[in-house]
Amino acid sequence: MPIVTRFAPSPTGHLHIGGARSALFCWAFARKNGGRFMLRIEDTDAARSSLESARGIIEDLHWLGIVNDLGPYIARDGSIGQHDWDAASGRPPVGEFFQAKRVPIYNQYLEQLVRAGRAYPAFESNEEIEAQRKAAVAAKQTYRYPRPSEIEYGKFNAALEARWRRALAGERHVVRFAAPHEEIVVHDQVLGDVKYAPGEMDDFVIRKADGFPIYHFAVVIDDETMGVTHVMRAQEHLNNTPRHVALQKALGFRTPFYAHMPLIINMDNSKMSKRDKAKFARKAAKDAMAKDRSITAATLAPAAGIDEKLLAQFLAGENDSLEVAQPLARYFKLALPEIEVWDFRQNGYLPEAITNFVALLGWNPGLKTPDGKDLEKFDMKFLAEHFGIERIGKTSSKFDRAKLLSFNADAINALPDEEFAARWRAWCEEFESDFAKAVGPSEGRWLALARAVKPRAKTLRDGVRASAFLLRSDAARDFDPAAIEKNLKANGGQGLGLLRTVEERLGSLAPAEWTPALIHSLIEQVGQQAGTGMGPVSQAIRVAISGAAVSPPLGESLAVLGPVSAMARIRTCLEQQAV
RNA sequence: GGCCCCGUCGUCUAGCCCGGUCUAGGACACCACCCUUUCACGGUGGGGACAUGGGUUCGAAUCCCAUCGGGGUCACCA
């Protein structure tokens, strides 16, 4: 039997970074063992699932380089296609990888369970159950649904048949699994044997009143019928596993291998969730309001362009809407924490940095580099060749953004200039279109800028920030006062004098001589002749062309700017300072 | 609260299974110095951990137990 792993997200938003790691490990395990990696969409929550989310998740995975052998993919024309088992595999085709389309299959197994006396319709309303649960909690008891006395475990008796008829007649009901009263052992490949005592499990719901299966039921049937051999998922699912094992036994299915991976959590030990964005924005707003009493929901809403009522609810913690969090963050000029793959992509992270970093959260190749250090930089190919369950750890890992950033910077710098330029440009066109337009269509210009920016960019967005001087008007006079003071006026106006010399010398360069190398040596010469070295010369020019004391190296900067702009800026600066 | 999992530098981890080679190694972050046209990069060095307490043993980060701590989960969500 071929090894089959699966990643089975529910399409309720973008791909979570933790989900990305699950998918990555499943993918790598399949690759390493010559198996197949399957994608399945768990959209049985009709209210929260959407096709757009499913599409987004598939795209996120694709962007990361995690490509599935089985299940949905997005075709060139944008439609969703499905890879299925072919005749040569000897397996029946799956047909549908979206659970919502598999309801008849679930119902068929459900009936089998009912007729075996291992499942039964229950007619209590959600409210009734909820009330019982609350009462139990109030009495400090663990709530377990009490199996009706007329239900006989493993027998399709008259009472069960009567219930089944009521259900078939259309009476509103759920179907519950008659859980076994026996110890259940989960043989986990990471954690070892995990035992659950008899009676821990109650008769949980396996089909909702709306006719959709509950997660546990759909998963078990799908894993069996789709040929899944290895279930690798986050540890938050560990306590679900005995249910799955019990269901498999009741249905006569095999039990796949399980491997539960450690959780990825925030630096403050909290769970990394989409809601963190709302929490972050709420805190920012509240901090601002505490600092400045004149800021209230009423003043903030129009200023940030948010509906006042929505904002008030948001601040009260009654909703976690991104419609509020995003404009709030923009207004306070803060970046929301990145939680989903899309966030990282938008903020200029490279997929290879993300997969590399995330692979190290809870897994480690256990290899050394030639100079004896832990090997931790690797690519997808390496993962596909070296990944194994044995080296998955048991302890949850905190998501250290600083280290990711460092990985990203390294990944950027490992790129050849040309490739970086092309990828940076494509990213800018997608996420920084104003900047992309300002740079223009010239490939040479992009490459020159990219060369200047690459060594100091930790993200693609950093490259834009570093190039911001390009967008400055040649006539702009808003020079950073501190920079003016230090680099132009100090030492009796030394910088200004040097800048005048530079202006003359630069002005005499022929257009063909306007290259990074020649500009650089010109600056060097001026510095030498003035006896100051090139430092003060450089800083004076930097202030003149960028308005600040920080910019990419000058040769490249001036070259990209071009003689007309560069000279104009120097003159502007000189004029302003002469006044 | 019940059940379940986990516990090596601030963080990710190597080492643990097969006790001695561990005065516990690496990476990120931090600090200092060097390099340097700014900012970065880079280089060198530094501080920094076996949760605690008991065992077992000649010897424990490594094996056992307890305590403490952290997390997960207890839905007609997945």
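Each chain gets a letter, A, B and so on, in the order the sequences are listed, and its residues count up from 1. Quick caveat, the model's predicted, so the values are computed rather than measured.
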ask   = Between B:A78, B:U38, B:A14, which nucleotide gets closest to the side-chain atoms of A:R391?
value = B:A14
message = On the nucleotide B:C76, are OP1 or OP2 found under 4.0 Å from the side-chain N or O atoms that A:S125 carries?
response = no
request  = For A:G535, answer base if it contacts any base atom (sugar-phosphate contacts may also be present), sugar-phosphate if it contacts only those atoms, and nothing otherwise; contact means non-hydrogen atoms under 4.0 Å.
outcome  = sugar-phosphate
query = Under a 3.5 Å cut-off for both distances, is B:U52 Watson-Crick or wobble paired, and to whom?
reply = B:A66
inquiry  = Distance to the ring centre below 6.0 angstrom and angle to the axis at most 45 degrees; does that hold for A:K377 and A:F407?
reply    = yes
ask   = Counting only side-chain N and O atoms of A:K373, is one of them less than 4.0 Å from OP1 or OP2 of B:A14?
value = no
inquiry  = Counting only side-chain nitrogens and oxygens, does A:R542 get under 4.0 Å of the OP1 or OP2 atom of B:U37?
reply    = no
ask   = Reckon A:G362 touches a base, only the sugar-phosphate, or nothing at all at heavy-atom distances under 4.0 Å?
value = sugar-phosphate
query = Does B:U21 pair with anything, Watson-Crick or G-U wobble, both distances under 3.5 Å, and if so, with which nucleotide?
reply = none
inquiry  = Using a 4.0 Å heavy-atom cut-off, does A:E376 contact any base of the nucleic acid, only the sugar-phosphate backbone, or nothing at all?
reply    = base
task = Return no unless some side-chain N or O of A:S10 is found under 4.0 Å from OP1 or OP2 of B:C77.
result = no
task = Answer with yes or no whether A:R456 presents, from its side chain, a donor or acceptor under 3.5 Å of a partner atom in the base of B:C41.
result = no
task = Quickly, which of A:Q99, A:H244, A:E42, A:H237 forms a side chain to side chain donor-acceptor pair (under 3.5 Å) with A:Y215? Name it, please.
result = A:H237
query = Taking only N and O in the side chain of A:K394, is any of them less than 4.0 Å away from OP1 or OP2 of B:U13?
reply = no
task = Please work out if A:V174 contacts a base, only the sugar-phosphate, or nothing of the nucleic acid, heavy-atom cut-off 4.0 Å.
result = base
